[in-house]
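Presented below is the structure to which this report refers.
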Amino acid sequence: YYRDLPEKLMGVLKFGVETGADYVVKADDDFCVNVTAFLQIAADHERDHPGAELYAGINYWSRGDEYDIMKGPHGETAPFMGGAIIALSRRLARTVAGPDWMPNVLRAAYGTSSDDANLGKMIQRAEKLHNLTVIPLQRPTMILCQEFETRTMNLTELRRSCGTV
């Protein structure tokens, strides 16, 4: 169910934090992360923005109010990353899934089943309450490929669709 996506996202962030990951990357199950591209994105971020937190994704909704479903119950909005892959640096993920766990998991304040839009609101809250500097970065190159109906594709066709042949 889509209504369970925010809880799933919080679980992924918490797991990443608890295992000591430098970056937590959430990908939809029908997409592949381009690890080489992501490692370069992370290295560039660390070089260009020392001390700042990374919030990367495929699509960036700069206002967070482009569609009504993105808004909270009282019209709250926040910019957010949307799409199949989203990445957070360790400190940002730790803040969202650590000290801010309870208000974030009780998402009534955010009022939407959209995990992407909710995460934008969570990050906005973390920036304000914890004095974080967050750099949003839209990078479609984080996608390696989308598996289109792998049941009907042979391995060569799948590799071709992912650009590896």
query: Using the ring of each side chain (for Trp, its six-membered ring), is Phe80 parallel, tilted or perpendicular to Trp61, with breaks at 30° and 60°?
result: parallel
- request: Check the surroundings of atom CG in Asn131: do more than 12 heavy atoms from other residues, nucleotides or ligands lie under 6.0 Å from it?
  value: no
- prompt: Do the side chains of Thr141 and Ile41 get nearer than 4.5 Å, heavy atoms only?
  reply: yes
query: Hey, what do you get for CG (Leu132) to CD (Glu53), rounding to the nearest 0.5 Å?
result: 5.5 Å
statement: Of all heavy-atom pairs linking Ala27 and Val33, the shortest is CB-CG2, 3.8 Å
message: Starting from Leu119, can I reach Val17 by hopping between I/L/V/M/F/W/Y residues whose side chains sit under 4.5 Å apart?
response: no
Gap between atom CG of Leu13 and atom CZ of Arg94 - 0.5 Å precision: 13.0 Å
task: With rounding to the nearest 0.5 Å, note down the distance linking OH in Tyr55 to CD1 in Ile86.
output: 5.5 Å
query: Got a second to check how far Leu54's CG is from Leu137's CG, nearest 0.5 Å?
result: 6.0 Å
query: Does some side-chain heavy atom of Leu9 sit less than 4.5 Å from a side-chain heavy atom of Lys26?
result: yes
field: Minimum-distance pair of heavy atoms, taken over all atoms of Gln124 and Ala78
entry: OE1-CB, 3.5 Å
Expected output: side-chain His130 to main-chain Leu92 donor-acceptor under 3.5 Å: no
- prompt: So how far is it from Met122 CE to Arg125 CZ, rounded to the nearest 0.5 Å?
  reply: 10.0 Å
message: Can you confirm whether His49 sits close enough to Asp44 that some side-chain heavy atom of one is under 4.5 Å from a side-chain heavy atom of the other?
response: no
task: Could you grab the distance from atom CG of Asn59 to atom CZ of Arg139, nearest 0.5 Å is fine?
output: 13.0 Å
query: How close do Ser89 and Tyr23 get, heavy atom to heavy atom, and via which atoms?
result: CA-CD2, 3.6 Å
statement: Nearest heavy-atom approach of Ala87 to Val25 is CB-CG2, 3.8 Å
message: What I'd like to find out is whether the side chain of Asp48 reaches to under 4.5 Å of the side chain of Ile135, using heavy atoms alone.
response: no
field: Which atom of Gly51 lies closest to which atom of Arg91, heavy atoms considered
entry: O-NH1, 4.3 Å
- prompt: Which heavy atom of Asp116 sits nearest a heavy atom of Gly82, and at what distance?
  reply: OD2-CA, 3.4 Å
